[in-house]
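Notes follow once the structure below has been shown.
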Amino acid sequence: MRTMGRQLSLNAFLHDTGHHEASWRHPESGAERVGDITWYQDLARRAEAAKLDAVFLADGPVWWGTGHRPSNQFEPITLLTALATATEKIGLIATASTSYYAPYNLARLFGSLDRISGGRAGWNIVTTQGDEAAANFGQDRAADPATRYERAQEFVDVITKLWDSWEDDAEVVDRTSGVFVDTAKVHAINHVGKHLSVKGPFNAPRTPQGRPVYVQAGSSNDGRNFAGRNAEAIFTAHQTLADAQAFYADIKAKAVGFGRDPESVKVLPGISPFIGDTEAEARELYEEFNRLTVPAYGLKQLEGIAGISLSHLELDEPVPADIFGGAGNVLDNNRSRLQVVANIVERDRPTVRQLLHRLAGGRGHNVVHGTPVQIADTIQEWFEGGAADGFNVLPPLYPQHLDAFTSKVVPILQERGLFRTEYTGSTLREHYGLDRPVSQYAEQSAAADAS
């Protein structure tokens with residue numbers, strides 16, 4: 001048993017029947033239950049029993065227009081509120097877009113989740129691209145990336161002020177005087193900006209965490225700058241240790257550039273593990289799932305990444321590298337998932353079918369297959385090699401592959417002193433080792449009193 005030192009952060013990424021695109025076709029899948037709240041409550045309890053940091057939900061305000069796999073049937077903040085009542089300690093991270101929410105409404109939604117859960121909420125901050133989503137909100141087209149991130153930064157500034165607008169001791173509940181709230185400690189934010197205008201103050205006291213944990217999942221040039229300034233946890237996709245190390249170093253440097261402690265920013269790549277008792281068993285499991293894929297679905301997803309039609313390609317011919325325009329050689333680009341796929345093509349020269357299989361398990365996240373020790377070795381190598389502070393775990397099939405990870409890999413990580421055996425706190429900030437932020441208005445009041 002090793003002495004406990006720096007600890008991994010591990011999240012379970014919930015995604016209908018599993019992260020492999022054909023998981024719903026597996027005879028042991030829960031395909032008929034993806035609209036049943038008890039399905040997700042059971043998954044969250046399983047993740048909590050293994051002492052994982054959080055469960056995470058992705059989201060997008062659009063149907064992706066395919067009949068080849070389940071669609072999201074729940075709005076994520078609502079779903080996680082239901083999971084909060086079925087769990088006690090595990091963090092609850094929901095995706096919500098700055099492109100189509102109003103800050104005040106979103107502040108209320110996440111503030112309620114943080115309070116209901118006792119301080120376990122996290123907000124995965126995204127901007128939304130694609131004209132299909134824009135059309136659902138009465139807009140002709142989505143904003144360009146620079147404009148989306150400009151709005152996102154203003155949005156985060158505003159929502160932070162809203163959550164900070166009550167000082168921690170504003171609620172006094174003094175029955176003798178008849179004063180419930182000290183209004184001198186509740187502040188209008190009076191924000192008027194380029195994209196947003198919000199008077200404030202917020203209509204509720206600070207939440208248990210002060211505010212939810214800020215999470216970010218974009219790895220483009222704009223996304224990395226945004227993450228370096230704001231994010232406390234970053235979800236990212238990398239296929240190789242070297243690529244992950246380069247991203248990790250870049251994010252930490254950006255955080256320092258914004259005057260932040262790099263240790264306060266957790267970099268969490270995705271990993272989708274196929275686990276077998278032997279290498280051959282794990283490989284066969286991986287191939288079994290790939291045999292269930294529908295090429296038409298995979299091609300549509302790949303066309304969305306490439307931005308062009310690929311219908312002229314034969315499945316068993318090599319993927320032409322030029323369809324990605326050399327994106328794999330550039331760290332600083334506006335479409336991060338394009339870079340991941342371009343790197344696969346340029347490095348490994350797969351056929352179209354092989355590439356579709358590579359992407360089927362995790363949409364560009366690192367899909368690994370091996371024994372529990374081999375999976376643990378990979379996690380440890382990235383963790384200790386300057387590539388990750390932990391991982392967003394994407395089980396190919398729920399709940400079986402989550403159980404395989406928690407029952408076979410997690411105990412190895414615990415034995416090596418890399419992961420907790422019990423929760424030491426009750427909030428997501430405590431799980432991640434993050435400080436509770438002080439209200440900016442309380443700081444201003446303290447400075448004024450001192451002067």
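All heavy atoms count here, side chains included; hydrogens, waters and symmetry mates do not.
- We find that R46 and D42 are joined by a salt bridge, their nearest charged nitrogen and carboxylate oxygen being less than 4.0 Å apart.
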For this session: Go through the steps for R416 and D377 under the test salt bridge (Lys or Arg N to Asp or Glu O under 4.0 Å), then give the verdict.
Result: CA-CA 10 Å; R416 295 177 183 181; D377 287 346; 2.8 Å; yes
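- Other residues, nucleotides and ligands place no more than 12 heavy atoms under 6.0 Å from the CG atom of D435.
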Problem set entry | Derivation and outcome, side chain to side chain donor-acceptor pair (under 3.5 Å), residues N230 and Q153 | CA-CA 8 Å; N230 303 286; Q153 186 58 60; 2.7 Å; yes
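- Without hydrogens or angle criteria, T207 side chain to G111 main chain gives no donor-acceptor distance under 3.5 Å.
- Nearest heavy-atom pair across F419 and L8 is CD1-O, 3.5 Å.
- For F289 and F274, the distance between ring centers is under 6.0 angstrom.
- Side-chain N or O atoms of R420 include one that pairs as donor or acceptor with a backbone N or O of K51 at under 3.5 Å.
- Among all heavy-atom pairs drawn from L241 and A387, the shortest one is CD1-CB, 3.6 Å.
- Under the 4.5 Å side-chain criterion, counting only non-hydrogen atoms from C-beta, H401 is not in contact with I275.
- Note: F247 and H238 have tilted aromatic rings, judged against thresholds of 30 and 60 degrees for the angle between ring planes.
- In this structure, D174 contributes its side chain and V179 its backbone to no donor-acceptor pair below 3.5 Å.
- In this structure a side-chain-to-backbone donor-acceptor pair under 3.5 Å is missing from R120 to L92.
- In terms of heavy atoms, T17 sits closest to S23 at OG1-OG, 2.7 Å.
- Under the 30°/60° scheme for interplanar angles, the aromatic rings of H19 and H15 are found to lie parallel.
- A distance-only check finds no donor-acceptor pair linking the side chain of D182 to the backbone of A170 [under 3.5 Å].
- Looking at Q245, its side chain does come within 3.5 Å of a backbone N or O of G385 through a donor-acceptor pair.
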Problem set entry | Criterion side chain to side chain contact (heavy atoms under 4.5 Å, CB included) on L80 and L57, from CA distance to verdict | CA-CA 8 Å; L80 289 183; L57 289 171; 3.6 Å; yes
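- By the 6.0 Å contact criterion, CD on Q444 is enclosed, its count of non-hydrogen atoms from other residues, nucleotides or ligands being greater than 12.
- Atom CG of D140 sits in a sparse spot, with 12 or fewer heavy atoms from other residues, nucleotides or ligands closer than 6.0 Å.
- Within the model, atoms CD of E88 and CD of E48 stand 6.0 Å from one another, a figure rounded to the nearest 0.5 Å.
- Looking at T147 and R151, their side chains never come closer than 4.5 Å, going by heavy atoms from C-beta outward.
- Q216 places a side-chain N or O within donor-acceptor distance of the main-chain N or O of G223, the cut-off being under 3.5 Å.
- Taking 4.5 Å as the limit, some side-chain heavy atom of Y104 sits within range of a side-chain heavy atom of F202.
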For this session: List the steps, then state whether side chain to side chain donor-acceptor pair (under 3.5 Å) holds for E132 with N136.
Result: CA-CA 7 Å; E132 296 87 353; N136 288 336; over 6 Å; no
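- Contact of the D16 side chain with the W39 side chain is not registered, since no non-hydrogen atoms from C-beta on lie closer than 4.5 Å.
- Taking the six-membered ring where the residue is Trp, W123 and W163 present perpendicular rings, their angle passing 60° and hence far from 30°.
- One finds no salt bridge joining D222 and R148 here, because no Lys/Arg side-chain nitrogen approaches an Asp/Glu carboxylate oxygen to under 4.0 Å.
- Taking each heavy atom of P269 and G390 in turn, the nearest pair found is CD-O, 3.1 Å.
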For this session: For E167 and H187, run side chain to side chain donor-acceptor pair (under 3.5 Å): C-alpha distance rounded to whole Å, both residues' side-chain angles, the deciding distance at 0.1 Å, then the answer.
Result: CA-CA 8 Å; E167 298 181 37; H187 307 272; 2.8 Å; yes
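- For the pair T127 and F226, the minimum side-chain heavy-atom distance is 4.5 Å or more.
- Salt-bridge formation is detected for the pair D389/K252: a Lys NZ or Arg NE/NH1/NH2 atom is positioned less than 4.0 Å from an Asp or Glu carboxylate oxygen.
- For the pair N366/W382, a side-chain contact is recorded, criterion being any heavy-atom separation below 4.5 Å from C-beta on.
- Remark: the backbone N or O of T128 is paired with a side-chain donor or acceptor of S99 at under 3.5 angstrom.
- Partner F405 forms a side-chain contact (heavy atoms from CB on, under 4.5 Å) with one of P273, P395, P372 and no other, that one being P273.
- Taken from CG in L394 to CG in L402, the straight-line distance is 11.0 Å, to the nearest 0.5 Å.
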Exercise. Please walk me through it: do L413 and L10 pass side chain to side chain contact (heavy atoms under 4.5 Å, CB included)?
Worked result: CA-CA 11 Å; L413 299 173; L10 296 173; 4.2 Å; yes
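- Closest of all the heavy-atom pairs between R115 and P205 is NH2-O, 2.8 Å.
- By the 6.0 Å contact criterion, CZ on R108 is open, its count of non-hydrogen atoms from other residues, nucleotides or ligands being 12 or less.
- Put simply, CD1 on I116 and CG on L83 are 12.0 Å apart, with the number rounded to the nearest 0.5 Å.
- Between E154 and K194 there is no salt bridge, since none of the side-chain N atoms of the basic residue sits less than 4.0 Å from a carboxylate O of the acidic one.
- Interatomic distance, N124 CG to I234 CD1, rounded to the nearest 0.5 Å: 11.0 Å.
- The salt bridge (Lys or Arg N to Asp or Glu O under 4.0 Å) with E232 is formed by just one residue from the set R436, R260, K266, R211; it is R211.
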For this session: Report the C-alpha distance between K408 and I375 in whole Å, list the side-chain angles of each, state the deciding distance to 0.1 Å, and finish with yes or no for side chain to side chain contact (heavy atoms under 4.5 Å, CB included).
Result: CA-CA 10 Å; K408 297 180 179 181; I375 303 299; over 6 Å; no
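- Pairing each heavy atom of T421 with each of Q414, the nearest pair is CA-NE2, 3.7 Å.
- Side-chain contact between H20 and S29: absent, with no pair of heavy atoms (C-beta onward) separated by less than 4.5 Å.
- W63 contributes no side-chain N or O that, together with a main-chain N or O of S71, makes up a donor-acceptor pair within less than 3.5 Å.
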For this session: Output, in order, the C-alpha distance, side-chain angles, deciding distance and verdict of side chain to side chain donor-acceptor pair (under 3.5 Å) for Y432 and N11.
Result: CA-CA 11 Å; Y432 280 166; N11 304 318; 3.0 Å; yes
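- Of the inter-residue distances, the one linking D53 atom CG with E430 atom CD reads 12.0 Å to the nearest 0.5 angstrom.
- With contacts defined as side-chain heavy-atom distances shorter than 4.5 Å, the pair V213/T427 does not qualify.
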Exercise. Going through the distances and angles, do I159 and T98 end up as a side chain to side chain contact (heavy atoms under 4.5 Å, CB included)?
Worked result: CA-CA 10 Å; I159 204 170; T98 61; over 6 Å; no
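- With rounding to the nearest 0.5 angstrom, the CZ atom of F13 is 16.0 Å from the CZ atom of F391.
- Judged by distance alone, with hydrogens and angles left aside, the side-chain atoms of Q209 form a donor-acceptor pair with the main-chain N or O of A121 at under 3.5 Å.
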